[in-house]
Amino acid sequence: MKDNVVTVFDSCKIGDKVSINYEGKVIYYQCNSDIPFGHKLAIIDIKKGDKIVKYGEVLGFASEDIKKGDWVHTHNVKDDYKIIDFMNKVSNDS
Amino acid sequence: MEFMGFPRIDGSIGVRNHVGIISTVGCINEVTMQISRNVKGTVPFTHQQGCAAGLQDLELVQRTLINIGKNPNLAAVLLISLGCESDNPEKIAEEISKSNKQTELISIHAIGGTIKTVAKGIEIASEMVREASELKRERCDCSKLILGSKCGSSDATSGLSANLAVGIVADFISNEGGTFILSEICDIIGTEKILAQRAASAEVKEDIIAAVNEYHKRGKALGVDVIGINVSSGNRKGGVTTAVEKGIGATVKAGHGSVQEVIRYGDKPTGKGLCISNSPGLGSIALTGEAAAGAQIALWTTGRGAPQGHPIMPVIKITGNINTWNTLKPNIDFNVSGIIDGSETVQGAGNRLFKEVLKVASGKLTKAEILNYCNIADIARFGPAV
């Protein structure tokens, strides 16, 4: 799975351009809002319900349509983590 | 690859040659500290456990103290007991001495108060240090290394730099026939499915899931939202959006190897390679679990800058945050911020870090050791204080 978000290592203001090195190419993105240091920016449009992918893994799902350049965080991502009922223990014991 | 270590009679290798002054119960910590302060070459191991706990916790404390005593970084062990604690100091002493390590036990009740116990302890520890000081470092194979890991005071750089560099070291040490320990079950929440896919057997797969589920279950019994605690408001402020995101950022420390085993807190791994210690995440407790597992060194990644070491093992502090490196340099050992600014590859930083591990294994001191900022330790407790 290809990542559809990147982490910014500067405090970005609305309209700032962010560059990333991606497979040898430098790509620029414009921030649609302020993005704090360490937060995520969408590098493609992500539809409501689509996967948010970082580290090649699914972090959660978009809770609304996200545009390229948007700040991606708890306001537009649904945490879909579920306890694995692998041995049927947690639910039975509780 | 090799390093210069202290071979022990039981076949393990120490990277330090300390005499351990170990409390069997929390209420005598002052005596342990006073003995250690007076005898160069000793390290104090203090904690708040050993009494007023359920049987399960007492058994945990006992096995942890036995295995801390057996840690190869200790040349000899002096156990300090009160005389009425609920764990069994005689049993602890007997088990440690089975590793053919000189082990002594003194009790405040038997000797007659703290003043005489401190004096007696100084006398015994002095002799132990004198004997230990004759031991020399020898060339040892790094398959004998057991490395612990921890992340704490993390930030957005941790999962994208320092933890990845540690992951390279984890793969290195496993390939060399050594052992790497991932702790902090709270931190692998969200990645149990991914880790379970890397389990060496169906049994280990079950153990991984069970360790995480047990954690949830304990939280539920106390009415605590484990995920809410784990992904703290500080984490969210720092950019962590979901439990899976935090979990992956933390578990990249374990590299790419298959998980060979999940061990109980305080136990030693039975084999080599990547192992998970079923431990809480609090640094003072997680590191003790790793030291009990036989780890000689721990790698602690810290984006914001955690200063503490551990009495039993050198703890190498690694940051990927250039600001933290610049401002907290007196407390941080290793800078991998080049991964963030693009001037160094993850592989390059990992190679460099592995060399640093071998240097520390051969005697190079960590900053926490130099500043004597190592006396923060405790043992896990899962049940209530009674």
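Quick note on labels: first sequence line is chain A, next is B, and so on, each numbered from 1. Values below: every heavy atom of this structure, side chains too, minus hydrogens, waters and symmetry copies.
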Residue pair [X] / [Y]: nearest heavy atoms and the distance that separates them:
X       : Y       : result
S154(B) : C151(B) : OG-CB, 3.8 Å
L59(A)  : K54(A)  : CD1-CB, 3.6 Å
E64(A)  : N76(A)  : CG-CB, 3.6 Å
N278(B) : A211(B) : ND2-CB, 3.8 Å
S337(B) : I322(B) : OG-CD1, 3.5 Å

With chain A, which of [options] has the greatest number of heavy-atom pairs at distances under 4.5 Å?
options                   : answer
T191(B), I189(B), V212(B) : I189(B)
G159(B), G342(B), A221(B) : G159(B)
D341(B), V231(B), I194(B) : I194(B)

**Study point:** Interface residues of residues 238-264 of chain B facing chain A - non-hydrogen atoms under 4.5 Å apart
**Key:** G238(B), G239(B), V240(B), T241(B), T242(B), A243(B), V244(B), E245(B), I248(B), G249(B)

Practice item. Ignoring hydrogens and angles, state whether a donor on the side chain of T319(B) or N321(B) is under 3.5 Å from an acceptor on the partner side chain. Key: no

Point to revise | Atom group of T157(B) that falls short of 4.5 Å from chain A, counting heavy atoms | key: both

Point to revise | Side chain, backbone, both or neither of L160(B) within contact of chain A (heavy atoms, under 4.5 Å) | key: both

Check your understanding: Side chain, backbone, both or neither: which part of V58(A) has a non-hydrogen atom closer than 4.5 Å to chain B?
Key -> backbone

Exercise for review: Could you list the residues that satisfy side chain to side chain donor-acceptor pair (under 3.5 Å) with D45(A), not counting sequence neighbours?
Suggested key: none

Review point. Should D80(A) and K82(A) count as an ion pair when the cut-off is N to O under 4.0 Å?
Key: yes

Review point. Do E356(B) and R352(B) pass the salt bridge (charged side-chain N to carboxylate O under 4.0 Å, His left out) test, and can you show the C-alpha distance, the side-chain angles, and the key distance before you say yes or no?
Key: CA-CA 6 Å; E356(B) 180 72 7; R352(B) 222 165 32 85; over 6 Å; no

